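Quick notes on the structure that follows.
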Number of protein chains: 2
Amino acid sequence: MQIETIIQEKKLKLTAARKEILELFIDSQKPLSYDDIKESISMDKATFYRNISKFETESILHSFESNDKKRYYEITGTPHAHFICKECNSIECLEESINLKIKNHTVHDILIKGICQKCMG
Amino acid sequence: MQIETIIQEKKLKLTAARKEILELFIDSQKPLSYDDIKESISMDKATFYRNISKFETESILHSFESNDKKRYYEITGTPHAHFICKECNSIECLEESINLKIKNHTVHDILIKGICQKCMG
DNA sequence: TTATAAATGCAACTAAGTCGCAATTAAGAT
DNA sequence: ATCTTAATTGCGACTTAGTTGCATTTATAA
Ligand SMILES: [Mn+2]
Ligand SMILES: [Mn+2]
Ligand SMILES: [Zn+2]
Ligand SMILES: [Zn+2]
């Protein structure tokens, strides 16, 4: 996944901030919040959120609200559901695809909440 | 569903605020946020949230975070999934039960996000 | 190069929810 | 019926995630 290619395809300017953000998300195996990465990036949070916003409208990233009031972002790739632990707030990408249809509705995401293995003791 | 019975079973004090909150949630066909009902209640928001919190630990209510940064609460009854429209933020209770197991995880809730009938045009 | 629209940093702001504290009240004991 | 006391309440101040206005900077293409 080439950052320059992604940016050029969407006709966006390739800035240092955008490179930093995309590198982080491309390398990450799980969704990240601003809070997760604020120490690893050098831009202002306004810049972070404005770029995230643009990446979302361009479908480069997508996001969901977790249980902890934070929004989590990840690269748009193979669609998959997420498991959120209500106890430790950890998020797992579920690779096993869930086939789910609801008539008169278009399903985009599935979030499953419960207790993860660690927290079950 | 008798409010007095619910309160007494959990050994809570029956206050005016609690009556107001429970009446609203018992009558509602869908989950509600503080913002949805703040005009309909007479207590302070701190009182609302403290009572909601107590009701959640007593399993009288349960809640989830939607797409709009607000938390939604509903009476704990028959377990069911929720559909959240990403466009209009409306929430629907899905009565058709979804059978879903993930090994080494306890599933409590399922949130499905997408586009509702209204928003599909 | 230079022009210019887009992007950035900063600070001030918003909105949902939380907390400390003094005053009030529900409910059991007298 | 009144007293006692822990639980509950209202208020205001606070926290936290994210947003916005504006002056400055920068990526791109003419
Ligand atoms: Mn994922
Ligand atoms: Mn419901
Ligand atoms: Zn966990
Ligand atoms: Zn909708």
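Chain naming here is simple, since letters A, B, ... match the order of the sequence lines and numbering starts at 1 in each. A quick note: this is a predicted structure, and the numbers were derived from the prediction, not measured.
- When each of Asp35(B) and Ser42(A) is assigned the nucleotide of DNA chain C bearing its nearest heavy atom, the one mapping closer to the 5' terminus is Ser42(A).
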Cut-off 3.5 Å, no hydrogens considered: what does the side-chain donor-acceptor table look like for residues 8-16 of chain B, sequence neighbours left out?
{"unit_1": "Lys10(B)", "atom_1": "NZ", "unit_2": "Glu58(B)", "atom_2": "O", "d": "3.1"}
{"unit_1": "Thr15(B)", "atom_1": "OG1", "unit_2": "Arg18(B)", "atom_2": "N", "d": "3.3"}

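- The CD1 atom of Ile21(B) sits 12 Å away from the P atom of dT8(D) (whole-angstrom rounding).
- When all heavy atoms are compared, the tightest approach of Thr57(B) to Lys54(B) is OG1-O, 3.0 Å.
- In the set dT25(C), dT28(D), dG18(D), dG18(D) carries the atom at the smallest distance from any side-chain atom of Tyr49(A).
- Rounding to whole angstrom units, CZ of residue Phe48(A) and C1' of dA7(C) are separated by 16 Å.
- Along DNA chain C, the nucleotide closest to Asp68(B) and the one closest to Leu14(B) are compared, and the more 5′ of them pairs with Asp68(B).
- Here dG28(C) presents its P atom at 12 Å from CG of Leu12(B), a figure rounded to the nearest Å.
- Minimum interatomic distance between Glu56(A) and Ser63(A) (heavy atoms only, all atoms of both residues): OE1-OG, 2.9 Å.
- Listed pair Asn51(B) / dA7(D) fails the phosphate criterion, with no side-chain N or O lying under 4.0 Å from OP1 or OP2.
- Within 4.0 Å of Lys54(B), counting heavy atoms only, lie sugar-phosphate atoms of the nucleic acid but no base atom.
- Remark: C1' of dT4(D) and NZ of Lys13(B) are 11 Å apart, rounded to the nearest angstrom.
- Between the P atom of dA7(D) and the CD1 atom of Ile7(B) lies a distance of 15 Å, rounded to the nearest Å.
- Of the candidates dA7(C), dT19(D), dA7(D), dT19(D) carries the atom nearest the Lys69(B) side chain, counting heavy atoms from C-beta on.
- Put simply, CD1 on Ile84(B) and CD on Glu65(B) are 9.5 Å apart, with the number rounded to the nearest 0.5 Å.
- Rounded to the nearest 0.5 Å, atoms CD1 (Ile115(B)) and CE (Met120(B)) are 8.5 Å apart.
- The nucleotide whose nearest atom lies closest to any side-chain atom of Tyr73(A) is, among dA27(C), dG18(D), dA27(D), dG18(D).
- Using the six-membered ring where Trp is involved, His82(A) and His62(A) have ring planes that are tilted, between 30° and 60° apart.
- Taking atom CD1 of Ile52(A) as the reference point, atom P of dT19(D) lies 11 Å away to the nearest angstrom.
- Listed pair Arg18(B) / dT8(D) meets the phosphate criterion, a side-chain N or O lying under 4.0 Å from OP1 or OP2.
- Residue-level contact check: Lys70(B) touches the backbone only, with heavy atoms under 4.0 Å from sugar-phosphate atoms and none from bases.
- OP1 and OP2 of dT26(D) both lie 4.0 Å or more from every side-chain N or O belonging to Thr15(A).
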Which pairs, protein N/O on one side and nucleotides 19-21 of chain C N/O on the other, fall under 3.5 Å?
{"unit_1": "dG20(C)", "atom_1": "O6", "unit_2": "Arg50(B)", "atom_2": "NH1", "d": "3.2"}

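- The separation between Asp36(A) atom CG and dT16(D) atom P is 16 Å, rounded to whole Å.
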Donor-acceptor pairs are to be reported for all side-chain atoms of residues 85-103 of chain A against protein atoms at under 3.5 Å, with residues two or more places apart or in another chain.
{"unit_1": "Lys86(A)", "atom_1": "NZ", "unit_2": "Asp109(B)", "atom_2": "OD2", "d": "3.0"}
{"unit_1": "Glu92(A)", "atom_1": "OE1", "unit_2": "His105(B)", "atom_2": "NE2", "d": "3.0"}
{"unit_1": "Glu92(A)", "atom_1": "OE2", "unit_2": "His105(B)", "atom_2": "NE2", "d": "2.8"}

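- Between Tyr73(B) and Phe25(B), the ring planes are perpendicular. Angles over 60° get that label, and only those under 30° would be called parallel.
- For the pair Met43(A) CE and dT19(D) C1', the computed distance is 17 Å after rounding to whole Å.
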